[in-house]
Amino acid sequence: MVVLLLGAPGSGKGTIANYLKNHNFFHLSSGDLFRKIMHQNSQLAQEVKKNILAGKLVSDDLTNAMVKNELLSIKNNNLVLDGYPRNVNQAKFLVKLIKIDYVFDLVGQEQQNIKRILGRRICPICQSIYNIYFKKPKKENHCDYDDAILIKRDDDNEQTIKKRFNEYQKFNLPLVEFYQAKKIYQKINNDNLQYVINQIDKFLKIK
Ligand code: AP5
Ligand code: MG
């Protein structure tokens with residue numbers, strides 16, 4: 001089963017993908033892959049970093065090639081795609097690679113998403129996602145699983161967040177219409193995390 005998560009920055013894509021990981025899904029996050037690349041020492045890393053810090057999408061050619069390469073190495077039949085595709089161009093590319101069963105769009109208020117992003121902390125080792133307001137780790141600022149010191153993402157500052165939302169607004173509606181036409185699209189209100197999980201459980205028949 002292939003599940004795709006759409007939603008604005010901070011809408012909960014990574015959080016839900018991590019939940020599905022506990023139910024035997026492989027988590028493919030284009031953002032996580034780019035963050036790995038951007039910390040390397042190469043020209044490609046510079047290019048990716050420039051876009052991420054400016055809150056802009058990385059080029060479709062680079063993104064599509066990276067995702068295609070990653071998909072080729074995945075053995076798990078259950079897959080959750082988080083943050084890819086981001087526009088119709090990428091969605092059309094993906095059609096040629098894989099059949100999607102469900103598209104869940106996590107929708108909520110922008111101010112709420114921004115507060116969540118500003119409070120987010122992540123584990124640099126296992127990518128677990130925490131929040132200083134909504135999901136505190138057991139030991140302050142340390143990952144529950146590997147005790148690593150939690151970090152803030154480089155693009156989680158107010159200036160870049162604004163640009164990420166602009167970029168999202170530019171490309172999202174045509175993408176939603178693309179998946180609505182395929183009748184695999186489900187919008188889920190993201191105000192309450194347990195509600196989102198209950199909805200996903202219902203569609204995917206997770207008990
Ligand atoms: P990406 O990493 O995909 O970032 P994003 O889309 O901005 O989304 P976020 O990761 O910020 O939010 P999320 O929806 O995962 O929320 P989370 O679960 O963490 O992309 C980063 C950059 O990479 C892009 O700007 C672009 O440059 C590049 N890129 C990536 N993909 C690309 C592509 N396909 N093409 C081109 N460029 C690409 O939750 C946020 C916080 O809220 C957490 O702290 C969490 O604990 C909390 N939380 C979540 N849900 C709830 C809830 N319901 N209630 C309370 N708290 C909640
Ligand atoms: Mg994310």
Side-chain angles (χ1 to χ4, degrees), residues 1-17 19-20 27-35 48 50-68 70-71 79-118 120 129 153 155-193 195-197 199-200 202-204:
M1 163 133 29
V2 177
V3 171
L4 203 150
L5 298 175
L6 301 184
S11 59
K13 302 181 295 294
T15 300
I16 294 301
Y19 167 74
L20 289 175
H27 177 196
L28 196 167
S29 157
S30 45
D32 285 350
L33 291 172
F34 280 137
R35 277 183 286 281
V48 168
K50 190 180 78 193
N51 284 296
I52 290 194
L53 296 185
K56 294 227 163 254
L57 292 190
V58 177
S59 77
D60 286 345
D61 284 351
L62 184 56
T63 308
N64 287 339
M66 174 183 78
V67 170
K68 183 178 178 183
E70 190 72 12
L71 284 174
L79 171 66
V80 53
L81 284 163
D82 153 14
Y84 180 89
R86 283 288 231 273
N87 58 30
V88 171
N89 201 7
Q90 294 180 8
K92 286 182 176 165
F93 182 83
L94 185 63
V95 166
K96 293 181 260 168
L97 301 179
I98 208 161
K99 181 186 166 289
I100 294 157
D101 298 289
Y102 289 97
V103 176
F104 298 124
D105 190 4
L106 310 179
V107 177
Q109 291 159 21
E110 186 168 310
Q111 279 315 315
Q112 179 173 258
N113 290 348
I114 291 174
K115 181 168 183 197
R116 289 175 183 172
I117 293 175
L118 291 172
R120 171 170 53 201
I129 302 169
R153 268 170 46 180
D155 57 344
D156 282 355
N157 58 74
E158 297 208 34
Q159 208 190 2
T160 308
I161 292 169
K162 244 184 232 156
K163 292 180 185 151
R164 285 159 60 194
F165 273 93
N166 287 344
E167 199 77 335
Y168 166 76
Q169 300 293 354
K170 240 194 296 182
F171 297 108
N172 185 56
L173 186 60
L175 186 60
V176 166
E177 288 170 350
F178 179 87
Y179 287 119
Q180 277 174 331
K182 293 190 181 301
K183 312 230 180 294
I184 49 175
Y185 173 88
Q186 301 291 341
K187 186 168 160 175
I188 302 179
N189 183 293
N190 76 352
D191 285 352
N192 179 290
L193 183 56
Y195 173 79
V196 180
I197 289 174
Q199 291 297 103
I200 303 249
K202 196 178 81 187
F203 286 114
L204 303 184

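When reading the values below, keep in mind they use all heavy atoms of this one structure, side chains included, and skip hydrogens, waters and symmetry mates.
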Can you tell me how far [atom2] of [Y] sits from [atom1] of [X], rounded to the nearest 0.5 angstrom?
X    : Y    : atom1 : atom2 : answer
Q186 : K202 : CD    : NZ    : 8.0 Å
Q109 : N189 : CD    : CG    : 8.5 Å
T160 : I117 : OG1   : CD1   : 10.5 Å
R86  : K170 : CZ    : NZ    : 12.5 Å
L81  : I98  : CG    : CD1   : 6.5 Å
N113 : L118 : CG    : CG    : 11.0 Å

Where does the angle between the aromatic ring planes of F165 and Y168 fall among parallel (under 30°), tilted (30 to 60°) and perpendicular (over 60°)?
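Because their plane-to-plane angle is over 60°, the rings of F165 and Y168 count as perpendicular.
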
Taking [X] for the side chain and [Y] for the main chain, is one N or O donor matched with an acceptor at less than 3.5 Å?
X    : Y    : value
Y19  : I197 : no
K187 : V107 : no
S30  : G83  : yes
K92  : N87  : no

Side-chain heavy atoms of [X] within contact of [Y], under 4.5 Å:
X    : Y    : answer
Q111 : I114 : yes
V3   : F104 : yes
F171 : V88  : no
F178 : V95  : yes
T63  : L57  : no
L4   : Y179 : yes
I129 : R120 : yes

Could you walk me through whether L97 and N64 satisfy the side-chain contact (heavy atoms from CB on, under 4.5 Å) test, starting with their C-alpha distance in whole Å, then the side-chain angles of each, then the deciding distance to 0.1 Å, before giving a yes or no?
CA-CA 10 Å; L97 301 179; N64 287 339; over 6 Å; no

Using the side-chain contact (heavy atoms from CB on, under 4.5 Å) rule, take L193 and I16 through it: C-alpha gap first, then chi angles, then the decisive distance, then the call.
CA-CA 9 Å; L193 183 56; I16 294 301; 4.0 Å; yes

Nearest heavy-atom approach of D82 to G14 is OD2-CA, 3.4 Å

Let me see the working for V58 and F34 under side-chain contact (heavy atoms from CB on, under 4.5 Å), right down to the final yes or no.
CA-CA 9 Å; V58 177; F34 280 137; 3.6 Å; yes

Run through K13, R116, Q199 and flag the one making a side-chain contact (heavy atoms from CB on, under 4.5 Å) with N190.
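With N190 as partner, side-chain contact (heavy atoms from CB on, under 4.5 Å) holds for just one option, R116.
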
H27: which of L79, L20, L5, V80 passes side-chain contact (heavy atoms from CB on, under 4.5 Å)
V80

Restricting to salt bridge (charged side-chain N to carboxylate O under 4.0 Å, His left out), what partner residues turn up for [X], sequence neighbours left out?
X    : answer
D32  : R35
D101 : K99
D155 : R153, R164

Do Y84 and L28 pass the side-chain contact (heavy atoms from CB on, under 4.5 Å) test, and can you show the C-alpha distance, the side-chain angles, and the key distance before you say yes or no?
CA-CA 9 Å; Y84 180 89; L28 196 167; 5.5 Å; no

